[in-house]
Colleague: 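Below you'll find the structure I mean.
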Amino acid sequence: MADVTFTKVQKKFGTFTAVPGLDLDIREGEFVSLLGPSGCGKTTTLRMLAGLEFPTSGEIRIGDRVVNDVAPGQRDIAMVFQSYALYPHMTVAENIAYPLKKRGVAKAERHEMVARTAEMLQITPLLARKPKELSGGQQQRVALGRALVRDPKVFLLDEPLSNLDAKLRGYMRGELIELHQRLGRTMVYVTHDQLEAMTMSDRIAVMEGGKLQQFAPPQDVYREPANRFVAGFIGTPGMTLIDGELARNGADWRFDAPGISVPALELGDQAETGPAAMGLRPEALTIGTGDIAAEIQLVEQTGHENIVIVRVGEIRLTGRTQPHQVWSPGDRVGMAIDPDMTHFFAAGPTGARLNAPLPPRADPAATSAPMLKEMTS
Ligand code: ADP
Ligand code: MG
């Protein structure tokens, strides 16, 4: 059963359309990320679900209830904001207890629920402190605690980790995954950080310009990006996108760009000759050997691998190599492209994917754990 449903939801601010028409079905217990660049309508979408913003048209359901006209407090949701929004004059314990107090829960019960929540988030020693006596990570846990204690049907989180430093963010990602597994609650998580979305989500809703570009599990978004926008947004280092032409000779297709010509093996039926883009993830390139004449432009040593940017004429491509392969900018090297690892898109910024569909994965659940490892290593 769908737990949260958006049907043709539109949101205008005056004459500006932030969300032109969103259809989205989120399953019960699912962790769904709304992912996209700043300004693409993620927060607006989440705030409409929270009841803090009203859709201009369309319908939002939580469970089987239409909530368009339901007040935020009656929606059985809890929201965690990027800014934490803790009450500065209250202690940690009072902050967490606040939603219970408002709901009229008796003092003894409140006390017990706060203690249990604090235990779960490992903030018991902080209960008597005020927010200003806490680190950013600790404040974020308290904000989470205040949401958890309400035991809502749906959790809404808007960039909850973006104020934390990189190390703590990585740690809190793990904590949130664990929390979701333990509680089994529906979570809708807004982020502009593709790594967060890739590592935490059951499914990712990729948005751009208020429009849903793709809604699929992380593996699928990575392996079969629906269009050029999604392809460029997902993955670090990002996919190289090369503008060129598709040409065919009988059954044989090629992709040609200045200095690069590759057999186009992965095309589906909808491909046409003419302008198109080829997408190459770093792993599709072999740098150091091959027939393509390339020039090293930049080498970034990350420790366990090198990220290498090469140029073929005017085209810049990003690859990765073993850490012992060190070149200097200006070095001339051979390069090869694996034609089995090419993505093709119709011309234009959000050109549709032209590859033939991949065979379905055997068990989506079984492959999400390796993805997590791959993305965070
Ligand atoms: P995101 O969270 O993806 O960064 P938002 O949902 O906050 O994006 O904003 C989407 C678009 O709607 C942006 O162009 C933003 O400027 C605009 N917007 C958001 N809230 C309002 C508002 N209250 N009034 C006018 N425009 C708004
Ligand atoms: Mg936002």
Side-chain angles (χ1 to χ4, degrees), residues 4-24 26 31-60 62 67-69 71-72 75 77-86 136 139-140 143-144 146-147 154-166 169 172-173 176 186-201 203-216 218 221 225-236 238 349-350:
V4 172
T5 313
F6 289 80
T7 310
K8 295 195 174 71
V9 171
Q10 191 200 44
K11 178 65 186 178
K12 290 186 174 182
F13 295 106
T15 57
F16 174 74
T17 305
V19 179
L22 180 67
D23 290 295
L24 195 65
I26 297 171
F31 192 120
V32 164
S33 292
L34 308 182
L35 172 70
S38 178
C40 75
K42 307 179 295 289
T43 293
T44 302
T45 301
L46 200 71
R47 285 173 59 85
M48 286 193 285
L49 181 53
L52 302 172
E53 225 39 279
F54 293 96
T56 309
S57 62
E59 191 180 89
I60 301 175
I62 297 177
V67 295
N68 286 46
D69 297 319
R75 291 191 181 198
I77 47 134
M79 186 151 168
V80 180
F81 300 89
Q82 174 180 353
S83 60
Y84 317 137
L86 299 175
Q139 288 185 36
Q140 189 52 272
L144 265 175
R146 200 174 49 182
V154 184
F155 286 94
L156 310 182
L157 303 106
D158 192 350
E159 312 242 9
L161 308 186
S162 55
N163 286 349
L164 307 179
D165 65 52
R169 216 158 51 220
M172 286 300 288
R173 270 206 313 264
L176 282 172
T186 308
M187 295 193 176
V188 186
Y189 187 95
V190 161
T191 181
H192 66 274
D193 180 339
Q194 58 97 26
L195 180 63
E196 275 181 18
M198 290 297 280
T199 51
M200 296 169 69
S201 316
R203 284 192 291 172
I204 303 177
V206 186
M207 295 173 71
E208 159 69 350
K211 295 199 192 93
L212 186 63
Q213 305 292 327
Q214 186 165 11
F215 186 34
V221 172
N227 59 39
R228 180 174 174 152
F229 173 80
V230 176
F233 199 75
I234 301 282
T236 14
T350 53

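Both ligands and their constituent atoms are indexed starting at 1 by order of listing. Reckoned from all heavy atoms, side chains included, excluding hydrogens, waters and symmetry mates.
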Colleague: Nearest 0.5 angstrom please: Gln214 CD to Phe233 CZ, how far?
Modeller: 13.0 Å
Colleague: Have Asn227 and Thr350 got a donor and an acceptor in their side chains that come within less than 3.5 Å?
Modeller: no
Colleague: As a quick check of understanding, evaluate side chain to side chain contact (heavy atoms under 4.5 Å, CB included) for Leu34 and Thr191, giving each step before the final call.
Modeller: CA-CA 6 Å; Leu34 308 182; Thr191 181; over 6 Å; no
Colleague: Just to be careful: counting only protein atoms that are N, O or S, how many fall under 2.8 Å of the Mg ion (ligand 2)?
Modeller: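 For the Mg ion (ligand 2), protein nitrogen, oxygen or sulfur atoms under 2.8 Å: 1.
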Colleague: For a quick check under 3.5 Å, do Glu196 and Tyr189 share a side-chain donor-acceptor pair by atom type?
Modeller: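 Distance-only check passes for Glu196 and Tyr189.
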Colleague: Is it the case that Lys8 places NZ or CZ above or below the six-membered ring of Phe6, under 6.0 angstrom from the centre and within 45 degrees of the axis?
Modeller: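 Pair Lys8/Phe6 does not count as cation-pi.
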Colleague: Set out, in order, the CA-CA distance, both residues' side-chain angles and the distance that settles side-chain hydrogen bond (donor to acceptor under 3.5 Å, both in side chains) for Ser162 and Gln82, then state yes or no.
Modeller: CA-CA 7 Å; Ser162 55; Gln82 174 180 353; 3.2 Å; yes
Colleague: Collect the protein residues that have a non-hydrogen atom under 4.0 Å from ligand 1 and hand them over in chain and number order.
Modeller: Phe13, Phe16, Ala18, Pro37, Ser38, Gly39, Cys40, Gly41, Lys42, Thr43, Thr44
Colleague: Between Asp23 and Leu212, is the side chain to side chain contact (heavy atoms under 4.5 Å, CB included) condition met? List the steps.
Modeller: CA-CA 8 Å; Asp23 290 295; Leu212 186 63; over 6 Å; no
Colleague: Check the pair Leu161 / Leu176 against side chain to side chain contact (heavy atoms under 4.5 Å, CB included), numbers first and verdict last.
Modeller: CA-CA 10 Å; Leu161 308 186; Leu176 282 172; 4.2 Å; yes
Colleague: Determine whether a donor-acceptor pair (N or O, by modelled atom type, separation under 3.5 Å) exists between the side chain of Arg203 and the backbone of Val32.
Modeller: no
